[in-house]
Protein chains: 2
Amino acid sequence: MSSPFPRAVPTVSCAAHPREVLRITSIASYVAWAHPARPTTDRGDRPEGARQVPPTTRPTSRDVAREAGVSQATVSLVLGGKWRGRVSPATADAVRETALRLGYRPNLAARSLRLGRTRTALLVVPALTNEYFARVHTGAARVAAAHDFGVVLYPSPEGVGPARDPFGSARAALDGVIASSMAADALAAISGETAAAPRTAGGPGGLPLVMLDSDPAQSGAAATVNLDLASGMRQVTGHLAALGHRRIAHIASAVDSWTFRVRRAAFDAATRDLPGAVVTRRTAALSVEGGLRATHDALTAPGARPTALVCDDDVLAAGACKAARRLGLRVPLDVSVTGFDDLALATAVEPELTTVRLPADEAGARGMAALLAVIDGLSPQQADLPVELMIRGSTGPCPVEPR
Amino acid sequence: MSSPFPRAVPTVSCAAHPREVLRITSIASYVAWAHPARPTTDRGDRPEGARQVPPTTRPTSRDVAREAGVSQATVSLVLGGKWRGRVSPATADAVRETALRLGYRPNLAARSLRLGRTRTALLVVPALTNEYFARVHTGAARVAAAHDFGVVLYPSPEGVGPARDPFGSARAALDGVIASSMAADALAAISGETAAAPRTAGGPGGLPLVMLDSDPAQSGAAATVNLDLASGMRQVTGHLAALGHRRIAHIASAVDSWTFRVRRAAFDAATRDLPGAVVTRRTAALSVEGGLRATHDALTAPGARPTALVCDDDVLAAGACKAARRLGLRVPLDVSVTGFDDLALATAVEPELTTVRLPADEAGARGMAALLAVIDGLSPQQADLPVELMIRGSTGPCPVEPR
DNA sequence: GTGAAAGCGCTAACAC
DNA sequence: GTGTTAGCGCTTTCAC
C-alpha cells in the first residue's frame, strides 16, 4: 500500500547520503549514552560512597553550539530542519559538521518532554511468538518509519505471563495505540476508558486507538482495520463444496476472540446454505497438539466420518493433518484439510495447506496509517482487507465411497 | 532461570492488589495522554489559525499535589516509594488515593530526562518474523519486567527493509543494547564504537552492550551469551553415526553469521573423526524453499547419495524433507534429516524433526540479566547455555543397501 | 515531616 | 540571521 501521508523530513539531517552510513551512524550513536545507574529499587541505599554522575556524558546541543560558535537555538533549528530562511547556509553547514564530529544525538526524552508527543505508537499483540503478528508489526513499523514514527511492541499478558506493569514493557510515552484482538483484557480497559470520547483524538482522556481484527461496533476505537474473514471462510467452504464435500467438521479455536467468532459465524452461514451439508464442530487449543486432539475426536466420533476439516488456523490444520494420518487416513485422498492465515507453516508441511492468506503485513500498515490519520485529526478509510484462498495440496475431491 | 537480581519495587504503587486490576489500570492510563499533534513535517505551516495546546491534558504530579493539598515534591516521594521516614503514612495514603482517582501517570519523558536513564534496553534482532527471536524477546522481556526495565525491539534492517533511522524504530532512549548475531551491519557499528571502552559501563561512549550468539572474541561487547552449538552439532552427528550413517550432507545456511560458522566448523570437526565418513555440503537460503533446492541438489548429485542430511535450521530441514519426498525417498527410511533450533515447526511436520533444542527464551533472559549486571557495574556470568538433541521421527538407521 | 527551587536537554516564540 | 528566554514534568537536594 502506498502511504497516503507526506513523507516526513528526517529530524536530524544526515549529511551522509548512503543509507548504510546513516544506519550505522545512528545505531552507533546509542552507544554514546551511558550512566552506570543502579536500579532505583528499594534495596537499601549503598553504604559505600555514592558514586556520582559519570565523568563522561554525551554531547548536548549546547556543546555543539559552543563548539560551532553559535547559539544553542541555532543548533536546534538547523538540526530540526527548520532553518530555511533563518540561518545562513554556511552556519547551518558548520553546525551540522560539528554535530557529526561530536557524535551529537538529540536526547529523545528531552524532545518528547518539550513536544508533549513522542512519535511513538504502541502495538499491542497477544503474543510475539506468532508469525502472524510479527508480520503485522513489520507492516506497522514500515509505515511508522516512513512517518518518522516508532513502534513499540507490547505483548499482552498472555504472551509473557501477566506483565506486572505495562510500563515495564511499553516504556516509552505514547502517541497512540494499535491493538489487535485476542488481547481481551487490555482492550476492554482501553475501550472502557476511551468510551467517553471514542471518535476523536485528543478528547478528554482519549489516546488515539486503532483496533485490528476486532468488532467495529464494540471496540470504542477511533478506527478499526479488519480483514474480510467472512469472505475467506466462504471461499473455503465454497471450495470444499465444489469438491463434493458435504460432511465437514470445523476445527475451531478455543480462544474466545472476535476474529474466531467471525470465522465460526461465517462457517455456519456458508454451510447452512449448502444442501445436504452435515456439519460438526470441535474446539481446540491453538496449537498443533490442540488441533491434533480435536481432529482425532472429530474423525473418530460415532456417525459418518467428515471428509473435510475446516481449521481456524494453519497451526490447527497442521495438527489436523497429523491426526488424520495417525488414523491411517490420507490427506487429501481420504480427508481434506484447510487452514487459515497462510503462515510459512502452510507450505512447510506436506501436503501444503490449502488456506486463506491473510494480509498481515498490510493490516499492520493500514493500522498504522489509520492511527497516523487519527492523530492528524483525519478520518481514516475503513474497508475490510481482502483475503485470498490459496489452493494447495491438502484439499481434494470428496472420496466417492467414504468410510 | 531464577533471576539473580532483587525484585524491583513498582514505581507507582498500586493499591489494587489483584493483578487484573493493576494491568487494566496501567494500560488504560495510556489512554489519558493525547495531544492531537500534527507531524512536524515540513509540509508548510498551517494557514488557518494555529490551534494551540488542547484544552485537556492528563494530570501531572502538580495536579495531584494541588488536589491532595501537598507539595509536588511530596507526591514524587510518595509515588516513588522513597517516603519511608519523610512523609507521614496518612499523607502518603492521601497522595496515592488522589493519584489513583485522577488517573495520574508519571510522564516518562520527564522522568527519563531528569534521571538520565530510561530503564529501557534495545533488543536488536535480525527479523521479527522468526519464532526463535520471538522467544528470545520473551525471555528478555520477562527478566526486564522483573527489574522494572522495558525492552524495545529493533528489527535490524533486513527485517523491515533498511530502516531510515533507528530512531524511528527504537524511539526510546536507551540504557543498554542486546544484540543477536545475524545483524552484522548494526553490530559492526556498535562494536566499533564501543571498542574504546569495551568492558565497562559508562566508559566514554560506552553504552552497555550484550551480544547473543556471537563471537566472544570479536564482539567488543561487555558480555556475550552463547549457546553450546558445537555440542549440539556433535550430538547430531553422533546420533547419526550411531545409526550407521556415513554419507552425510550438510545443508548449511547461506547466511554468513557467526552462529552458522560455528555450526559448520562443529560439523566438520565431528565428521572428521568419523571413520569412513563421506561428507558434502550445500548452502541454502534460510527458507523452506531454499532447503528444498539445496537438498534436491545434494540428493541428485553424481556419486553415492547421502543417507543423512544435517540441516542448519528446522526450516531448512522442513525443506529437506520435502525435497527427499519429491524424489521418492522416504524419511527416515531412505534418508534421515536433522534440524536445528526446535521451533514449533519441528513438531508440526511429519515426521517430526530430530533437532537440537536451543533455549531461546533462556538466552534472552540471560542476555537481559547480563545487561542488567553490566549496567550495575557487575561482571555477568559467562557460560554457554546447554542445548539438547531432541530425537524424533526424522532420523532412523542407515538403510542397509542404500540407493 | 513538608515545601521551595534547581535543572535535566530540548523547542519555539520572541527580541535584537 | 542570530541569540535570549521560557518552560515541558519530573527527581532531588536543601531549608524550614
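Below, chains carry the letters A, B, ... as their sequence lines are ordered, and counting in each starts from 1. This one's a predicted model, so the numbers in the text were calculated from it and none came from an experiment.
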(request) For residues B/Gln72 and B/Ser61, report the shortest heavy-atom separation together with the two atoms involved. (result) NE2-OG, 2.9 Å

(message) Between B/Leu113 and B/Ala92, which residue's closest nucleotide on DNA chain C lies nearer the 5′ terminus?
(response) B/Ala92

(request) Report the distance from atom CG of A/Leu108 to atom C1' of C/dC8, rounded to the nearest whole Å. (result) 14 Å

(message) Nearest whole Å is fine: how far is C/dG7 C1' from B/Leu115 CG?
(response) 13 Å

(message) Rounded to whole Å, please give me the gap between CZ in B/Arg62 and C1' in C/dA6.
(response) 13 Å

(request) Please tell me if the side chains of A/Leu372 and A/Phe149 come closer than 4.5 Å, counting only heavy atoms from C-beta onward. (result) yes

(message) Can you measure A/Arg105 atom CZ to C/dG9 atom C1' for me and round it to whole angstrom units?
(response) 16 Å

(request) By nearest nucleotide on DNA chain D, pick out whichever of B/Val75 and A/Ala110 is the more 5' one. (result) A/Ala110

(request) Round to a whole Å and report the spacing from CG of B/Asp63 to C1' of D/dG9. (result) 10 Å

(request) Provide the closest heavy-atom pair for A/Leu209 versus A/Ala221 in the form atom of the first, atom of the second, distance. (result) O-CB, 3.4 Å

(request) Return the nearest nucleotide to the side chain of B/Ser88; candidates are C/dT11, C/dG1, C/dG9. (result) C/dG1

(request) Tell me, yes or no, whether the heavy-atom count around A/Arg62 atom CZ, taken from other residues, nucleotides or ligands under 6.0 Å, exceeds 12. (result) no

(request) May I ask you to decide if A/Arg119's main-chain N or O and A/Asp175's side chain share a donor-acceptor pair within less than 3.5 Å? (result) yes

(request) Look at the side-chain N and O atoms of B/Ser112 and state whether any lies under 4.0 Å from the OP1 or OP2 oxygen of C/dC8. (result) no

(request) Quick one: closest heavy-atom pair of B/Leu371 and B/Ala121, and the distance? (result) CD2-CB, 3.5 Å

(request) Could you please name the option among C/dT2, C/dA12, D/dC10 that lies closest to any side-chain atom of A/Lys82? (result) C/dA12

Distances under 3.5 Å between protein N/O atoms and the N/O atoms of nucleotides 3-5 of chain D, please, pair by pair.
unit_1	atom_1	unit_2	atom_2	d
D/dG3	OP2	A/Ser71	N	2.7
D/dG3	OP2	A/Ser71	OG	3.4
D/dG3	OP2	A/Thr74	OG1	3.0

(request) Check whether any side-chain heavy atom of A/Leu122 lies under 4.5 Å from a side-chain heavy atom of A/Val177, and answer yes or no. (result) yes

(message) Regarding B/Ser76, tell me which of base, sugar-phosphate or nothing describes its non-hydrogen contacts under 4.0 Å with the strands shown.
(response) base

(request) Provide, to the nearest angstrom, the distance between the CG atom belonging to B/Leu79 and the C1' atom belonging to D/dG9. (result) 13 Å

(message) Please compare A/Arg114 and B/Pro89 by the position of their nearest nucleotide in DNA chain C and report the one closer to 5'.
(response) B/Pro89

(message) Expressed as a whole number of angstroms, how long is the span from B/Asn107:CG to D/dG7:P?
(response) 18 Å

